[in-house]
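It should be emphasised that the depicted structure is a prediction, and the values quoted were computed from it without experimental measurement.
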Amino acid sequence: MKASVPRENSEATANTVATLCCVLDACRNERPDAVAYAFIRDDLSLVDSLTRGQLAAQAAEWAVRIEQLTAPGDRVALVYPAGLDFVRAFWACLLCGRIAVPVPAPDPARFKHSVPRLRAVFEDAQASLVLS
């Protein structure tokens, strides 16, 4: 099974894109080696980065797995600290037609207070899958 990237519809003009997935596809095709996301420290040193090509490929891989575990339109809770794993998971949800529900990662120092909040978010969102 391979996640497919939706293409622009025939009504869209050449200068417009129909979806964010089309933007990702266009960016990957135009300049696959260009940096799509970079995370930097306070001193502006690079922590990690993803090129457009890497993002498209990795998000598609993740999308395949999410498709196997969920149904179209399901909500997927993304419990990640800021970083590239969140970015990959978010784009994977878009690619496979799932609704990404970003949830702040629990603070280990306040874990006792974080668990009830997380449980409430999951129940409210009716998440079918939690990625962390």
Side-chain angles (χ1 to χ4, degrees):
M1 177 185 284
K2 183 179 177 192
S4 61
V5 177
R7 303 287 177 201
E8 290 186 33
N9 63 37
S10 59
E11 295 176 10
T13 65
N15 295 329
T16 358
V17 289
T19 67
L20 285 174
C21 294
C22 292
V23 170
L24 178 60
D25 195 36
C27 288
R28 180 197 63 207
N29 290 334
E30 289 172 13
R31 294 182 44 213
D33 294 330
V35 173
Y37 288 93
F39 281 87
I40 56 173
R41 292 184 182 90
D42 289 338
D43 66 2
L44 301 181
S45 62
L46 182 65
V47 175
D48 203 359
S49 66
L50 270 177
T51 67
R52 293 170 173 183
Q54 290 171 326
L55 175 59
Q58 292 172 15
E61 288 176 22
W62 287 38
V64 169
R65 186 69 176 135
I66 293 169
E67 283 178 330
Q68 294 170 347
L69 299 170
T70 60
D74 278 357
R75 290 168 184 85
V76 178
L78 308 179
V79 186
Y80 291 102
L84 295 180
D85 284 337
F86 170 81
V87 171
R88 289 178 190 101
F90 180 81
W91 280 100
C93 287
L94 293 179
L95 288 173
C96 65
R98 284 16 175 218
I99 300 166
V101 180
V103 179
D107 178 0
R110 301 190 53 170
F111 191 74
K112 188 176 183 180
H113 300 286
S114 299
V115 172
R117 190 188 99 242
L118 284 174
R119 189 171 286 140
V121 169
F122 296 154
E123 289 174 10
D124 187 49
Q126 299 178 347
S128 299
L129 180 65
V130 176
L131 299 178
S132 66

Check: I66 and L131 side chains under 4.5 Å, non-hydrogen atoms | yes

For a quick test of reading the model, state the closest non-hydrogen atom pair linking [X] to [Y] and the distance between them.
X   : Y    : value
V79 : A105 : CG1-CA, 3.9 Å
I99 : G73  : CD1-O, 3.4 Å
A60 : L95  : N-CD1, 3.7 Å
C93 : A100 : CB-CB, 3.9 Å

Say whether [X] and [Y] are linked into one hydrophobic cluster, either directly or through other cluster members, by side-chain heavy-atom distances under 4.5 angstrom.
X    : Y    : result
V130 : L94  : no
F39  : W91  : yes
L69  : W62  : yes
L129 : F122 : no
V115 : V101 : no

[atom2] on [Y] to [atom1] on [X], rounded to 0.5 Å:
X   : Y   : atom1 : atom2 : value
Y37 : R88 : OH    : CZ    : 12.0 Å
R98 : T70 : CZ    : OG1   : 3.5 Å
Q68 : C96 : CD    : SG    : 10.5 Å

Does a sphere of radius 6.0 Å around CZ in R31 hold more than 12 heavy atoms from other residues, nucleotides or ligands, not counting ones at 6.0 Å or beyond?
-> no

Scan residues 118-132 for pairs that pass side-chain hydrogen bond (donor to acceptor under 3.5 Å, both in side chains), counting only residues two or more places apart or in two chains.
-> D74-S128

Using residues 40-56 as the side-chain source, report each donor-acceptor pair under 3.5 Å to any protein atom, sequence neighbours left out, with the distance given to one decimal.
residue: R41; atom: NH1; partner: S45; partner atom: OG; Å: 3.1
residue: D43; atom: OD1; partner: S45; partner atom: N; Å: 2.9
residue: D43; atom: OD1; partner: S45; partner atom: OG; Å: 2.6
residue: T51; atom: OG1; partner: P32; partner atom: O; Å: 3.4
residue: T51; atom: OG1; partner: Q54; partner atom: N; Å: 3.1
residue: T51; atom: OG1; partner: Q54; partner atom: OE1; Å: 3.4
residue: Q54; atom: OE1; partner: T51; partner atom: N; Å: 2.8

How are the rings of F86 and Y80 set relative to one another: parallel (under 30°), tilted (30 to 60°) or perpendicular (over 60°)?
-> perpendicular

